[in-house]
Amino acid sequence: MNKLAVSFPVELSIVIPLLNEAESLPELTRWIQRVLTARGLSYEVILIDDGSTDDSWAVIEALAGQDMALRGIRFNRNYGKSAALNVGFDAARGRVVCTMDADLQDSPEELPELYRMITEDDYDLISGWKQKRYDPLSKTIPTKLFNGATRAISGIQLHDFNCGLKAYDQRVVKSIEVYGEMHRYIPVIAKWAGFRKIGEKVVQHQERKYGVTKFGLERFIYGFLDLASITFVSRFRRRPMHFFGTLGTLSFFIGMVLTVWVTGEKVWLSLHNLRARNVTEQPLFFLSLVAVIIGVQLFLAGFLAEMVQLNGPRRNDYLVRETLR
């Protein structure tokens with residue numbers, strides 16, 4: 001079936017997570033309306049209030065009363081950007097789903113071209129690249145390091161993984177789950193789910209007009225830990241024994257070789273009437289013993305992980321792109 005033949009309520013869904021952005025919301029929604037109305041695109045705007053402590057929700061209620069294309073979702077407390085995006089993706093009804101930040105640093109002028117790249121150029125995902133940034137060095141330098149490490153590990157050649165301005169084919173957002181702090185790695189998650197046509201577009205970066213940044217350096221520490229987590233889960237979720245078993249077997253083999261070496265050396269020296277230390281007096285013996293024990297533990301961890309996977313409710317949960325009768 002041709003995916004373009006599917007009927008959607010609207011052409012474009014814009015998902016906007018926000019935290020304490022009451023001042024910017026009226027200007028942002030007017031800007032979106034002006035741009036998309038001029039292009040003749042049907043759209044919806046989904047604002048997810050991630051536990052704001054200012055008047056953000058009151059502003060959303062007022063705006064929704066004036067604009068039928070605007071929808072609001074309010075969290076009871078702050079859950080994070082990943083949770084907001086996941087809920088927004090679930091609620092989105094558009095043929096194309098775009099995400100953007102609420103602080104006016106992402107330009108709605110980019111939305112029509114992002115929509116075109118998904119629908120006409122047949123991309124699964126387009127990520128924005130803020131080539132010229134209006135951020136302090138304390139943010140730009142860690143960002144470059146973060147993006148370089150992510151490119152090297154994921155194999156996806158994007159310059160700005162964490163750019164909030166992205167566009168997705170609806171199949172992507174309905175097939176993936178974003179949790180924890182994994183919003184930085186949505187292109188990686190999409191790639192491992194089989195959506196490999198991932199592109200990039202240079203986008204405008206505006207100076208912050210209202211409020212303060214929610215950025216903190218601790219996000220990069222958590223970011224690298226999340227990268228290791230998503231890489232492991234993506235590659236070995238259905239075959240954990242391949243990871244733990246390989247490491248365990250290697251460690252056990254090294255430990256046994258060292259044990260045989262230490263014991264054989266003792267026997268050889270004794271047979272030739274040469275002075276030899278007791279096996280238990282040699283540090284190499286204890287290293288070999290530790291390697292054997294670690295090997296056994298890793299192998300058992302892989303075995304238990306396989307048992308958990310075997311009994312999991314999603315062990316045969318595969319994404320089917322299309323079927324023919």
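Quick note: numbers below take in every heavy atom, side chains included, and nothing from hydrogens, waters or symmetry partners.
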If we ignore hydrogens and angles and just use 3.5 Å, is the side chain of Ser288 paired with the main-chain N or O of Phe285 as donor and acceptor? yes
Under 3.5 Å donor-acceptor, Asp103 side chain and Gln105 backbone: yes
Start with the C-alpha distance between Asn162 and His183, add both sets of side-chain angles, then the distance that settles side-chain contact (heavy atoms from CB on, under 4.5 Å), and finish with yes or no. CA-CA 8 Å; Asn162 201 29; His183 59 273; 4.0 Å; yes
Kindly check if the number of other-residue, nucleotide or ligand heavy atoms within 6.0 Å of CZ (Phe299) is above 12? no
Of all the heavy-atom pairs spanning Gly72 and Ile60, show the shortest one and how long it is. CA-CG2, 4.0 Å
Looking at Asp101, Thr99, Leu28, which hits side chain to side chain contact (heavy atoms under 4.5 Å, CB included) with Ile16? Leu28
Shortest non-hydrogen separation from Phe8 to Arg95 and the atoms involved: CE1-CD, 3.4 Å
Polar side-chain atom of Asn86 near backbone of Glu177 as donor-acceptor pair, under 3.5 Å: no
Is any side-chain heavy atom of Asp50 closer than 4.5 Å to a side-chain heavy atom of Lys81? no
Where at least one partner belongs to residues 185-198, residue pairs that pass salt bridge (charged side-chain N to carboxylate O under 4.0 Å, His left out), sequence neighbours excluded: none
Please examine the side chains of Leu114 and Leu165, heavy atoms only from C-beta on, and report whether any two atoms are closer than 4.5 Å. yes
Check whether any side-chain N or O of Arg151 sits under 3.5 Å from a backbone N or O of Leu158 as a donor-acceptor pair, and report yes or no. yes
Spacing of NZ belonging to Lys166 relative to CG belonging to Leu85, to within rounding of 0.5 Å: 9.0 Å
Using atom types as modelled and distance alone, determine if a side-chain donor or acceptor of Ser175 lies under 3.5 Å from a backbone N or O of Arg171. yes
Before accepting this row, confirm whether a basic side-chain N of the pair Lys201/Glu113 lies closer than 4.0 Å to the acidic partner's carboxylate O. no
Heavy-atom distance under 4.5 Å between the side chains of Leu63 and Val45, does that happen here? no
Within-4.5 Å side-chain heavy-atom neighbours: Met100 and Ile32: yes
Under the 3.5 angstrom rule, does the side chain of Ser24 hit a backbone N or O of Glu21 as a donor-acceptor pair? yes
For Val97, is there any backbone N or O sitting under 3.5 Å from a side-chain donor or acceptor partner on Ser13? no
In chain order, what residues pass the side-chain contact (heavy atoms from CB on, under 4.5 Å) check against Phe244, with sequence neighbours excluded? Phe232, Pro240, Leu298, Ala301
Rounded to the nearest 0.5 Å, what separation is found between the CG atom of Leu47 and the CG atom of Leu70? 4.5 Å
If we ignore hydrogens and angles and just use 3.5 Å, is the side chain of Ser42 paired with the main-chain N or O of Val10 as donor and acceptor? no
Is there a path from Ile118 to Trp129 through hydrophobic residues (I, L, V, M, F, W, Y) whose side chains come within less than 4.5 Å of each other? no
Would you indicate whether the side-chain heavy atoms of His159 and Asn147 approach each other to under 4.5 Å? no
Is Val59 close to Pro26 at the side-chain level, that is, under 4.5 Å between some pair of heavy atoms? yes
Of all residues at least two apart in sequence or in a different chain, which pass the side-chain contact (heavy atoms from CB on, under 4.5 Å) check with Thr150? Phe146, Ser154, Phe161, Tyr185, Val188, Leu227
Under the side chain to side chain donor-acceptor pair (under 3.5 Å) definition, can you give me all pairs with a residue in residues 58-74, not counting sequence neighbours? Glu44-Arg71, Trp57-Glu61
Treating Ile, Leu, Val, Met, Phe, Trp and Tyr as nodes and any side-chain heavy-atom pair under 4.5 angstrom as an edge, say whether Ile254 and Val260 lie in one connected cluster. no
Those residues at least two apart in sequence (or on a different chain) that pass salt bridge (Lys or Arg N to Asp or Glu O under 4.0 Å) with Glu265 are none
From CG (Leu41) to OH (Tyr115), nearest 0.5 Å: 6.0 Å
Heavy-atom closest pair, residues Pro108 and Val35: O-CG1, 3.6 Å
Can you measure from OG1 (Thr119) to CZ (Arg116) and round to the nearest 0.5 angstrom? 7.5 Å
Are the side chain of Asn20 and the backbone of Asp54 linked by a donor-acceptor contact shorter than 3.5 Å? yes
Only counting residues at least two apart or in another chain, list the ones meeting salt bridge (Lys or Arg N to Asp or Glu O under 4.0 Å) with Asp106. Lys130
Enumerate the ring-ring contact (aromatic ring centres under 6.0 Å, His included) contacts for residues 36-55, please, sequence neighbours excluded, ordered by first and then second residue. none
What are the two closest heavy atoms between Pro187 and Ile156, and how far apart are they? O-CD1, 3.4 Å
Asp169 and Tyr123 have their tightest heavy-atom pair at CB-O, 4.3 Å
Any side-chain heavy atom of Glu110 sitting closer than 4.5 Å to one from Cys98? no
Check this for me: does any side-chain nitrogen of one of Lys174 and Asp90 sit under 4.0 Å from a carboxylate oxygen of the other? no
Please write out which residues are connected to Phe253 in a hydrophobic cluster, directly or through intermediates, given that two of Ile, Leu, Val, Met, Phe, Trp, Tyr count as joined at side-chain heavy-atom separations below 4.5 angstrom. Val257
ring-ring contact (aromatic ring centres under 6.0 Å, His included) pairs, two or more places apart, involving residues 61-87: Phe75-Tyr79
Does any non-hydrogen side-chain atom of Ser127 lie less than 4.5 Å from one of Ile198? no
Please answer whether the main-chain N or O of Ala58 pairs with a side-chain N or O of Asp55 as donor and acceptor at a distance below 3.5 Å. no
Closest approach of Gly88 and Ile46, non-hydrogen atoms and distance? O-CD1, 4.1 Å
Spatial distance of atom CZ (Arg30) from atom CD (Glu27) [nearest 0.5 Å]: 6.5 Å
My understanding is that a hydrophobic cluster links ILVMFWY residues whose side chain heavy atoms are under 4.5 Å apart, including indirect links. Using that, what else belongs to the cluster containing Leu289? Ile293
Residue pair Leu36, Ile14: steps toward the side-chain contact (heavy atoms from CB on, under 4.5 Å) verdict: CA-CA 11 Å; Leu36 297 183; Ile14 303 111; 3.5 Å; yes
Nonpolar side-chain network containing Phe252, other nodes, edges under 4.5 Å: Met256, Val292, Val296, Leu300
Results of ring-ring contact (aromatic ring centres under 6.0 Å, His included) for Phe89 - residues two or more places apart only: Tyr168
